[in-house]
Amino acid sequence: MKTILITGANTGIGLATAETFVKDGHHVILACRNPDKASQAKKQLDAIGTGKVDTVTLDLNDLAQIAQTADTLISQFEKIDVLVNNAGMMTPQLESTADGFEKQIGVNYIGPFLLTMKLLPLIKKAEQGRIIHLASMMHLLGQIDVGQFKADQIKKYNGVRSYANSKLANLLFSNTLAQQLQGSSVTSNALHPGGVDSEIYRELPKYQYNALKLFLIPTSKPAELIKKMAFTTEWSQRNGDYASLQTPALKSRKAKDRELGQYLFDQTIQLVHQYL
Ligand SMILES: NC(=O)c1ccc[n+]([C@@H]2O[C@H](COP(=O)([O-])OP(=O)(O)OC[C@H]3O[C@@H](n4cnc5c(N)ncnc54)[C@H](OP(=O)(O)O)[C@@H]3O)[C@@H](O)[C@H]2O)c1
């Protein structure tokens, strides 16, 4: 029985992924911001009758809370075999996290960065640890401007751009971490899950969602890919790789830029160092 931590596992791709792991008899920890939604998901997964399900409260909007949750996990569990950095959000409005970051870069990238770095010692205790990052083909539109990570530093906000920036940051983090993990028992890989029918499109106008829905795939498809990335021998050989459903696994020039990845890593460490 492997132990798998999935962030944002109460719905969408996270819940579907949890379901495949529980069906295979694994121990899944659902890390969710809303305890009621987490216990509803746990109920649904417990009904499968195999595996084991735990929940933990994790709000990626708040660095202090993330650090606290990571410390709780470190004190409760001996190891984590797989971390799926799945939770993410999209918003057209300029909003700010508890720490003053623009919300999409904060919740989609800086929060998961802190969680991953805090949990790394626990993942290293697994025989073969794997870290899986939900990036997106939207990273192709992304750029990195650390000077605009704080919401009050942004002069002209574009929600789609900001989402794309956060997904580029996910991919760069995955790649840089993979380099650092070379020769260790842990790998770091990322994926684009396809255009997936989930709640992430909740803020789209209804007519846009109805049109988009025609091209969306069910959450079970990325869940199957994540399972392969988490457990197959093929994926045990891959580190710093990027998989994609529906579209070719094209990485932008920026996503392949090692110096940019290292720069982003160093800058982000400085942003979160007081919580490490
Ligand atoms: N769907 C797609 O077409 C698509 C395409 C490319 C990439 N992705 C990526 O795939 C991942 C999963 O997306 P999805 O489509 O499954 O979306 P979803 O159905 O909206 O699920 C997102 C999950 O993230 C959680 N979350 C949001 N803000 C959070 C916060 N501050 N702290 C902790 N958890 C938070 C949500 O919790 P609540 O339920 O409480 O809101 C939910 O559990 C995301 O990283 C997304 O960027 C999705």
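When a ligand or atom number is given, it counts from 1 through the structure's own listing order.
Taking the six-membered ring wherever Trp is involved, the centroid distance between the rings of H192 and Y242 does not fall below 6.0 Å.
For the pair I105 and A169, the tightest heavy-atom approach, listed with the atom from each and the gap, is CD1-CB, 4.4 Å.
At a threshold of 4.5 Å between side-chain heavy atoms, the hydrophobic network of Ile, Leu, Val, Met, Phe, Trp and Tyr places L60 and L63 in one connected group.
Ring geometry for H26 versus F21: interplanar angle over 60°, hence perpendicular rather than tilted (30 to 60°). The aromatic rings of Y209 and Y201 sit tilted relative to each other, their planes meeting at an angle between 30° and 60°.
Both the sub-6.0 Å distance and the 45° axial angle are satisfied by K150 relative to the ring of F101.
Residue-level contacts of ligand 1 at the 4.0 Å heavy-atom threshold are G8, N10, T11, G12, I13, R33, K37, L58, D59, L60, N61, N86, A87, G88, V107, L134, A135, S136, Y163, K167, H192, P193, G194, G195, V196, S198, E199, I200, Y201, R202.
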